[in-house]
K.L.:
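Got a structure for you, questions after.
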Amino acid sequence: MVTSDQQKRILLQGNEAVVAGALAAGCRFFAGYPITPASEISELLSVKLPELGGTFIQMEDEIASMGAVIGASLAGTKSMTATSGPGFSLIQENLGYACVTEVPCVIVNVMRGGPSTGLPTSPSQGDVQMARWGTHGDHPIIVLAVSSVSDCFSVTVKAFNLSEKYRVPVIVLSDEVVAHTREAVALPDADQIRVIDRIAPDVPPEWYKPYADNNRGVPDMAAFGDGYRHHVTGLIHDDHGYPTQDGKEVEKFIQRIHRKVSKGFQEIQVIKTHDMEDAEICVIAYGSVARSALRAVRDARNQGVKAGLIQLVTLFPFPRKSVDSYLRQCRVAIVPEMNMGQMSREISRVNQGGCRIVKHNKIDGHLISPEEILKHLITV
Amino acid sequence: MLERAEIIRQEYLRHDKKFPHVWCPGCGNGIVMGALLRAVHSLEIDKDEVVLASGVGCSGRMPTYVDFNTLHTTHGRALTFATGVKLAKPELTVITVMGDGDATAIGGNHFIHAARRNLDLTAIIINNSTYGMTGGQYSPTTPFGSISTTSVYGHVEHAFSIAELAVTAGGSFVARGTVYHASHLEQMIKKAIQKRGFSVVEVISNCHVQHGRRNKLGGAVEMINSYKENAVTVGKAEKMSPEELEGKFTIGVLADVEKPISTQEYQRVIVEARRNAEKIAKEKEKNRVKRYE
Ligand SMILES: Cc1ncc(C[n+]2csc(CCOP(=O)(O)OP(=O)(O)O)c2C)c(N)n1
Ligand code: SF4
């Protein structure tokens with residue numbers, strides 16, 4: 001018997017699943033600049049978007065791509081770009097603009113080895129802290145990581161939903177392994193997918209205050225051309241959107257754009273756990289490394305080690321609360337990463353002391369294998 | 001005349017908001033803003049349908065004061081944001097206002113590509129020969145030999161001619177005006193907005209505070225008057241010798257050409273892509289039915 005689920009299974013590459021997720025979430029605008037290993041996202045969207053009445057454009061660089069993404073979102077269209085390290089550096093300027101003007105948008109960074117032109121196109125997780133802190137100033141941002149093809153779909157949908165709901169840019173960190181791996185996945189039907197849209201104002205235009213606080217901390221958003229003429233600026237602004245240098249207004253604004261995200265911690269901070277109920281040793285991993293880690297944990301269990309996996313889907317805001325309780329439970333936490341320890345710093349920061357944090361870093365352009373993690377699990 | 005000025009003052013300026021503005025008394029930016037508002041008014045475009053996007057600089061503050069959908073972007077990037085807005089809502093009239101540094105230094109690449117791409121956008125570039133807002137450093141249009149805060153011994157580089165650059169890069173409509181010729185400027189901006197395709201209006205303007213003062217060009221009045229002396233219409237310039245044109249610059253329409261507009265071409269892409277997708281879906285359906293038969 002072939003189940004209907006099996007019937008629906010299709011072979012997809014991670015990058016293709018990102019596209020499917022974006023379209024399912026309502027993305028109708030993409031601007032980008034070619035870069036491996038993200039280019040498939042551009043190529044596929046250049047075909048798919050016009051079919052849905054959407055728009056694809058290849059800009060002159062990633063700075064321009066990010067500008068166009070923000071412009072389209074301001075005109076009311078869900079928008080995204082996709083890039084890799086060098087392009088991710090270039091988008092940072094306008095990414096900060098999106099944070100401060102609270103323009104929903106999604107940025108996919110298919111990480112490759114850096115710094116600079118680096119290691120095209122070997123996998124890496126070297127852009128993790130940059131995703132959080134890459135643009136200048138204290139800014140709110142959400143960073144999610146994908147570890148499988150099905151994640152590429154569901155996390156991209158979530159990225160759009162969070163971005164729309166909180167009016168904050170959301171970064172999806174993929175890596176070369178996830179992006180180019182082909183897996184059989186069954187994508188949910190359109191009616192099974194929850195799609196969230198930004199909330200439009202319902203007051204008459206003359207009452208509209210585009211940056212006024214409310215109980216959600218997220219102002220209603222009018223699109224350009226919808227009759228709510230308003231001002232958008234990268235300068236710190238008052239409730240009307242006009243530049244201000246009044247200390248009180250500045251403080252109120254900066255506090256609000258952070259508060260709106262902290263209010264949503266519950267739904268923003270996602271982790272997945274495997275075998276954590278009685279775990280004494282855990283592996284904390286994200287991205288493609290989480291796949292190796294899962295295998296290592298299962299192998300360790302077979303050898304009688306009480307191992308478990310915490311897979312971080314949300315990297316920032318760091319899911320402190322949920323990770324913290326496991327850190328109290330475990331004797332050791334192994335943090336394998338394809339960088340020099342960017343998330344392990346974060347984990348050490350939230351660790352209250354009881355748990356020993358063991359880094360496992362690989363920066364040679366190769367994926368961390370299950371065996372390498374297993375070795376740690378049975379020797380620590 | 002007065003009546004129209006009053007209508008424009010009442011209808012198009014954001015009185016309740018951030019006045020007084022940041023511009024120095026006598027700055028040419030206000031004249032450009034006036035010309036732009038009169039142009040939009042005479043074209044009877046609904047304010048809800050106008051997007052004014054700027055970069056960063058003194059010129060970049062213009063959108064703050066006018067009652068359109070306004071967008072003060074990052075330095076040099078106005079055209080990239082405008083591109084996104086226009087593609088998402090092609091029915092809007094999207095205008096950008098930029099400084100010379102904004103448009104041709106940090107935003108130079110965006111500028112030439114916007115011209116090449118030929119989206120239906122209007123770019124107004126206020127060329128005051130300097131970085132006004134940051135204190136008068138040399139810009140891509142600072143004349144050779146000029147004094148600026150970063151060329152105190154005289155500038156050693158050469159200046160761009162913005163309008164000519166726009167023509168070469170492929171602008172559909174390119175014009176130059178000055179803040180002396182205010183009603184001519186209004187006409188140029190009006191034509192630029194009316195033109196389907198990428199249009200550029202370079203406006204020669206005064207920054208007497210940062211540029212004029214250091215180069216002994218006088219105050220606002222002297223500088224603005226000098227544009228009257230040195231501007232030559234495109235038609236007249238054609239009949240003048242290179243010697244006669246020494247120290248002069250042309251005003252008027254430098255280019256007005258017809259070519260496919262990418263905003264419209266993309267609508268064709270959408271129609272074709274949809275048709276193609278439908279065809280593929282139908283074939284799939286047919287094959288599926290066959291398999292079950
Ligand atoms: C990325 C970046 N670099 C530098 C600046 C600082 N900056 C602000 S305005 C400006 C120059 C503006 O000159 P111009 O574009 O000629 O406009 P004007 O002020 O003369 O109208 C500069 C360099 C900035 N805001 N952003
Ligand atoms: S500094 Fe120059 S460009 Fe800026 S407002 Fe003053 S006169 Fe105008």
Side-chain angles (χ1 to χ4, degrees), chain A residues 28-31 46-79 93-98 100-101 103 105 205 222-235 237-238 240-244, chain B residues 14 16-18 22 46-51 53-54 56 60-61 63-92 94 106-107 109-110 112-114 116-117 119 262 266-267 269-278:
Chain A
R28 292 297 178 269
F29 184 89
F30 178 96
S46 78
V47 176
K48 293 285 174 200
L49 276 169
E51 288 179 10
L52 297 165
T55 307
F56 165 89
I57 187 166
Q58 188 171 301
M59 295 299 285
E60 53 275 17
D61 57 32
E62 290 85 350
I63 302 173
S65 304
M66 195 60 209
V69 162
I70 297 169
S73 187
L74 282 166
T77 303
K78 289 189 190 179
S79 312
E93 178 193 39
N94 285 336
L95 177 63
Y97 185 92
V100 92
T101 52
V103 175
C105 54
F224 279 174
D226 283 358
Y228 291 83
R229 295 186 305 277
H230 65 283
H231 187 58
V232 178
T233 176
L235 292 164
H237 36 271
D238 61 18
H240 291 276
Y242 298 111
T244 180
Chain B
R14 286 173 165 154
D16 48 328
K17 314 300 172 355
K18 297 285 169 178
V22 299
D46 185 344
K47 289 191 290 182
D48 284 340
E49 301 292 310
V50 179
V51 176
S54 69
V56 168
R61 292 301 180 103
T64 324
Y65 311 126
V66 297
D67 190 21
F68 299 129
N69 302 282
T70 53
L71 182 55
H72 178 217
T73 73
T74 42
H75 190 25
R77 320 295 180 208
L79 283 167
T80 72
F81 286 67
T83 298
V85 172
K86 184 70 187 179
L87 287 169
K89 279 213 173 119
E91 67 274 20
L92 297 178
V94 184
I106 193 162
N109 201 33
H110 308 310
I112 57 173
H113 282 277
R116 173 189 62 76
R117 197 170 275 135
L119 248 70
S262 60
Y266 201 81
Q267 295 309 309
V269 170
I270 289 177
V271 171
E272 238 170 80
R274 280 192 157 146
R275 200 183 299 138
N276 199 34
E278 270 167 33

K.L.:
By a 4.5 Å heavy-atom criterion (distance strictly below it), what part of B:L92 contacts chain A: side chain, backbone, both, or neither?
P.N.:
side chain

K.L.:
If you count heavy-atom pairs under 4.5 Å with chain A, which of B:R275, B:K47, B:E49 comes out on top?
P.N.:
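The option with the most such pairs is B:K47.
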
K.L.:
Apply ring-ring contact (aromatic ring centres under 6.0 Å, His included) to B:H75 and list each qualifying residue two or more places apart in sequence or on a separate chain.
P.N.:
none

K.L.:
Has B:T73 got a side-chain atom pairing as donor or acceptor with B:S54's backbone, closer than 3.5 angstrom?
P.N.:
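Yes, B:T73 side chain to B:S54 backbone: donor-acceptor pair under 3.5 Å.
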
K.L.:
Is B:F68 in contact with chain A via its backbone, its side chain, both, or neither, using a 4.5 Å heavy-atom distance?
P.N.:
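Backbone only.
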
K.L.:
For A:I57, which atoms come within 4.5 Å of any heavy atom of chain B: side chain, backbone, both, or neither?
P.N.:
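Contact with chain B involves the side chain of A:I57 alone.
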
K.L.:
When heavy-atom pairs shorter than 4.5 Å are enumerated against chain B, which of A:L49, A:D61, A:V47, A:V69 gives the highest number?
P.N.:
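Of A:L49, A:D61, A:V47, A:V69, A:D61 has the most heavy-atom pairs under 4.5 Å with chain B.
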
K.L.:
Could you list all the salt bridge (charged side-chain N to carboxylate O under 4.0 Å, His left out) pairs where at least one residue sits in residues 77-87 of chain B, not counting sequence neighbours?
P.N.:
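The answer is A:E93-B:R77, B:K86-B:D120.
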
K.L.:
Provide the closest heavy-atom pair for A:H231 versus A:P243 in the form atom of the first, atom of the second, distance.
P.N.:
CD2-CD, 4.3 Å

K.L.:
Identify whether the distance between the nearest side-chain nitrogen and carboxylate oxygen of A:D226 and B:K89 falls below 4.0 Å.
P.N.:
yes

K.L.:
Picking from B:L79, B:N276, B:V271, B:L87, which has the most non-hydrogen pairs under 4.5 angstrom with chain A?
P.N.:
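Among B:L79, B:N276, B:V271, B:L87, the one with the most close pairs to chain A is B:L87.
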
K.L.:
Of the backbone (N, CA, C, O) and the side chain (C-beta and beyond), which part of B:V269 lies under 4.5 Å from a heavy atom of chain A, both, or neither?
P.N.:
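Both parts, heavy atoms under 4.5 Å.
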
K.L.:
Do you know which of A:V103, A:T101, A:I70 makes side-chain contact (heavy atoms from CB on, under 4.5 Å) with A:N94?
P.N.:
A:I70

K.L.:
For the pair B:R117 and A:E60, find out whether any cationic side-chain nitrogen is under 4.0 Å from an anionic carboxylate oxygen.
P.N.:
yes

K.L.:
Checking heavy atoms, do the side chain of A:A64, its backbone, both or neither come under 4.5 Å from chain B?
P.N.:
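Both parts, backbone and side chain.
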
K.L.:
Tell me whether A:S79 contacts the main-chain N or O of A:T77 through its side chain, where contact means a donor paired with an acceptor under 3.5 Å.
P.N.:
yes

K.L.:
Pick one of side chain, backbone, both or neither for A:Y97, based on which atoms fall under 4.5 Å of a heavy atom in chain B.
P.N.:
side chain

K.L.:
For each of B:N109, B:D67, B:V50, B:D46, tally heavy-atom pairs with chain A at distances under 4.5 Å, and name the one with the top tally.
P.N.:
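Of B:N109, B:D67, B:V50, B:D46, B:D67 has the most heavy-atom pairs under 4.5 Å with chain A.
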
K.L.:
Can you tell me which of A:A31, A:G234, A:P50, A:A222 forms the most heavy-atom pairs within a distance under 4.5 Å of chain B?
P.N.:
A:P50

K.L.:
Determine the option with the most heavy-atom pairs under 4.5 angstrom with chain B, choosing from A:R229, A:E51, A:K48.
P.N.:
A:R229

K.L.:
Could you check B:V51, B:L71, B:N69 and say which one makes a side-chain contact (heavy atoms from CB on, under 4.5 Å) with A:L74?
P.N.:
B:L71

K.L.:
Can you tell which part of A:Y228 gets under 4.5 Å to a heavy atom of chain B, answering side chain, backbone, both or neither?
P.N.:
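Looking at A:Y228, just its backbone touches chain B.
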
K.L.:
Measure A:T55 against the heavy atoms of chain B and call it side chain, backbone, both or neither at under 4.5 Å.
P.N.:
both

K.L.:
Check each atom of A:H230 against the heavy atoms of chain B and say whether the ones under 4.5 Å are side chain, backbone, both or neither.
P.N.:
backbone

